[in-house]
Participant: 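Got a structure here, written out as structure tokens. Questions coming.
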Amino acid sequence: MPELAEVDAYRRLAEEVVGRTVAAVVAPDAWYLKRGLTAAGAEAELTGRTVTSVRRTGKLLLLETSGDGPVLGLRFGMSGRLLVDGHAAVDNLMYASNRELERWDRFALVFAPPRGGDLRMRDSRRLGGVELDPAEARLGPDALAIGPAALAALLESGAPLKARLMDQARLAGVGNLAADEILWRAGLDPARPARSLSPAERRRLHRHLRAAMADLLARGGSHTGDLMPARQPGGVCPKDGTPLVRRTVGGRTTWSCPTHQH
DNA sequence: ATTGTGGCCTGCCCGC
DNA sequence: TGCGGGCAGGCCACAA
């Protein structure tokens with residue numbers, strides 16, 4: 001479930017390793033290394049490099065390294081957590097075990113003295129991954145920064161509105177929980193064709209997109225939305241009390257209110 | 001090119 | 001008490 005809100009917390013945590021130099025790479029899980037990367041390759045490319053800055057686009061966390069070193073791209077999938085010096089950024093992750101087991105450590109940078117310490121990815125379900133120099137251009141604008149014109153452009157499609165919001169190539173950072181929250185706040189039916197929105201509805205969507213993402217970020221997670229507590233069997237709309245409807249839209253479990261979402 | 005589907009992976013929870 | 005099946009969703013390969 002790490003969506004934009006969680007990965008941004010990871011980014012802030014990862015700031016603590018800026019200025020530290022990689023002494024060793026621990027990559028015990030070959031599956032976790034993507035796009036041809038190997039443990040030996042990661043070791044060769046990263047050892048001796050200093051982390052110079054940390055960025056985030058959508059759900060992708062990026063660590064820049066010194067000299068002509070690679071950009072390290074970290075994806076967290078559903079259950080990935082980030083730990084720096086043994087501390088986690090997010091206490092409670094939905095749909096993932098919150099137990100702390102070292103056997104779920106899939107990738108780590110160990111830093112050289114004097115600061116030492118380490119940065120670890122702990123991912124029970126192994127849906128995340130690590131790559132060097134990820135193709136950042138394949139991601140759309142970040143959901144916290146997208147403007148109304150860019151949003152209007154990505155709505156030029158007959159695909160379901162929700163599928164469009166979750167298309168990371170067009171809008172980076174909105175996951176399933178955030179999408180439900182945004183559309184619930186905006187009063188829009190997730191299954192509507194994206195291009196069917198009127199100009200007024202597009203403006204409303206843009207406003208709620210920005211506000212909802214900022215709220216989730218401030219509250220500390222994509223599971224902190226106002227819709228979230230009702231997003232379960234028997235749940236009723238927190239706005240009007242209508243029993244929520246559960247459907248699959250865009251291939252994802254979708255909860256929405258049949259009364260106020262049109 | 002665009003859009004939709006299935007599968008990856010694993011822990012957890014339910015019902016028997 | 002154990003076990004099997006269903007479920008969660010980010011992402012990618014693949015099909016239409």
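To find a chain, count down the sequence lines: A is the first, B the second, and so on, and within it residues start at 1. Because the structure is predicted, anything quoted here is derived from the model rather than measured.
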Participant: Could you give the CG-to-P distance, from A:Asp180 to C:dG10, as a whole number of Å?
Facilitator: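 For the pair A:Asp180 CG and C:dG10 P, the rounded distance is 10 Å.
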Participant: Roughly, in whole Å, what's the span from CZ in A:Arg81 to C1' in C:dG10?
Facilitator: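 Roughly 17 Å, once rounded to whole Å.
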Participant: Using the P atom as the point on both nucleotides, what is the distance between C:dC11 and B:dA1, in whole Å?
Facilitator: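 Those two atoms are separated by 22 Å.
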Participant: Going by salt bridge (charged side-chain N to carboxylate O under 4.0 Å, His left out), name the residues that satisfy it together with A:Asp189, two or more places apart in sequence or in a different chain.
Facilitator: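 Listed in chain order: A:Arg247.
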Participant: Below the 4.0 Å mark, does C:dG10 have OP1 or OP2 next to a side-chain nitrogen or oxygen of A:Arg252?
Facilitator: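 Affirmative; the distance criterion is met.
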Participant: Holding to side chain to side chain contact (heavy atoms under 4.5 Å, CB included), I want the full list of residues that pass it with A:Gln168, two or more places apart in sequence or in another chain.
Facilitator: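 Only A:Lys59, A:Leu139, A:Ala172 meet the side chain to side chain contact (heavy atoms under 4.5 Å, CB included) criterion with A:Gln168.
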Participant: Residues sharing A:Val26's hydrophobic cluster, by side-chain heavy-atom contacts under 4.5 Å among ILVMFWY, directly or via others?
Facilitator: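 A:Val110, which link up through side-chain heavy atoms under 4.5 Å apart, make up the rest of the cluster.
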Participant: Whole Å only: how far is the CG atom of A:Asp123 from the P atom of C:dG10?
Facilitator: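 In whole Å, C:dG10 P and A:Asp123 CG are 13 Å from each other.
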Participant: When rounded to the nearest 0.5 angstrom, what is the spacing between CG in A:Leu33 and CZ in A:Arg106?
Facilitator: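 If I round to the nearest 0.5 Å, the distance is 12.0 Å.
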Participant: Quick one: label A:Arg195 by what it contacts on the DNA or RNA (base, sugar-phosphate, nothing), any heavy atom closer than 4.0 Å.
Facilitator: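 Nothing: the residue A:Arg195, judged by heavy atoms under 4.0 Å, touches no strand.
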Participant: Once salt bridge (charged side-chain N to carboxylate O under 4.0 Å, His left out) is applied, do any residues pair with A:Asp226, and if so which ones, sequence neighbours excluded?
Facilitator: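 If we apply the salt bridge (charged side-chain N to carboxylate O under 4.0 Å, His left out) test to A:Asp226, skipping adjacent residues, the hits are A:Arg185, A:Arg219.
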Participant: With 3.5 Å as the limit, what N/O pairs link the protein to nucleotides 7-9 of chain B?
Facilitator:
| unit_1 | atom_1 | unit_2 | atom_2 | d |
| --- | --- | --- | --- | --- |
| B:dC9 | O3' | A:Arg126 | NH1 | 3.1 |

Participant: Nearest 0.5 angstrom please: A:Met228 CE to A:Trp255 CH2, how far?
Facilitator: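 If I round to the nearest 0.5 Å, the distance is 10.0 Å.
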Participant: Determine the Euclidean distance between corresponding P atoms of C:dC3 and B:dC9; express it in Å to zero decimal places.
Facilitator: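 B:dC9 and C:dC3 have their P atoms separated by 23 Å.
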Participant: Could you tell me whether A:Glu201 and A:Arg192 make a salt bridge, using a distance below 4.0 angstrom between a side-chain N and a carboxylate O?
Facilitator: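 Yes.
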Participant: Rounded off to whole Å, could you give me the CE-to-P distance for the A:Met78 and C:dC12 pair?
Facilitator: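 Those two atoms, CE and P, are 16 Å apart.
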Participant: State which residues pass salt bridge (charged side-chain N to carboxylate O under 4.0 Å, His left out) with A:Glu136; sequence neighbours excluded, sorted by chain then number.
Facilitator: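 Only A:Arg55 meet the salt bridge (charged side-chain N to carboxylate O under 4.0 Å, His left out) criterion with A:Glu136.
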Participant: Could you list all the salt bridge (charged side-chain N to carboxylate O under 4.0 Å, His left out) pairs where at least one residue sits in residues 68-77 of chain A, not counting sequence neighbours?
Facilitator: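 Of all non-adjacent pairs touching residues 68-77 of chain A, those that pass salt bridge (charged side-chain N to carboxylate O under 4.0 Å, His left out) are A:Arg49-A:Asp68, A:Arg75-A:Glu131.
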Participant: State which residues pass side-chain hydrogen bond (donor to acceptor under 3.5 Å, both in side chains) with A:Arg56; sequence neighbours excluded, sorted by chain then number.
Facilitator: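 Per chain and number, A:Arg56 pairs via side-chain hydrogen bond (donor to acceptor under 3.5 Å, both in side chains) with A:Asp8, A:Asp142.
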Participant: Could you give the CD-to-P distance, from A:Gln232 to C:dA8, as a whole number of Å?
Facilitator: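 From A:Gln232 CD to C:dA8 P: 12 Å.
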Participant: Which residues satisfy the side chain to side chain contact (heavy atoms under 4.5 Å, CB included) test with A:Arg252, sequence neighbours excluded?
Facilitator: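 A:Arg252: side chain to side chain contact (heavy atoms under 4.5 Å, CB included) contacts with A:Lys162, A:Met166, A:Asn176.
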Participant: Distance check: side-chain N/O of A:Arg106 vs OP1/OP2 of B:dT10, anything under 4.0 Å?
Facilitator: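 Negative; the distance criterion is not met.
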Participant: Rounded to whole angstroms, how far apart are OH on A:Tyr32 and P on C:dC11?
Facilitator: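 Rounded to whole Å, this separation is 11 Å.
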Participant: How would DNA chain B look in dot-bracket form, 5' to 3', counting Watson-Crick and G-U wobble pairs with both distances under 3.5 Å and writing | for bases paired to another strand?
Facilitator: .|||||||.|||||||
Participant: Can you list, in residue-number order, the parts of residues 151-176 of chain A that come under 4.0 Å of DNA chain C, counting heavy atoms only?
Facilitator: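 Only A:Met166, A:Gln168, A:Gly175, A:Asn176 qualify.
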Participant: Rounded to whole Å, how long is the line connecting atom CH2 of A:Trp104 with atom C1' of B:dT10?
Facilitator: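 Going from CH2 in A:Trp104 over to C1' in B:dT10 covers 9 Å.
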Participant: Under the rule for side-chain hydrogen bond (donor to acceptor under 3.5 Å, both in side chains), what residues qualify as partners of A:Thr21, not counting sequence neighbours?
Facilitator: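 By the side-chain hydrogen bond (donor to acceptor under 3.5 Å, both in side chains) rule, A:Thr21 matches A:Thr50.
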Participant: Between A:Lys59 (NZ) and C:dC12 (C1'), how many Å, whole number?
Facilitator: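 Going from A:Lys59 (NZ) to C:dC12 (C1'), I get 13 Å.
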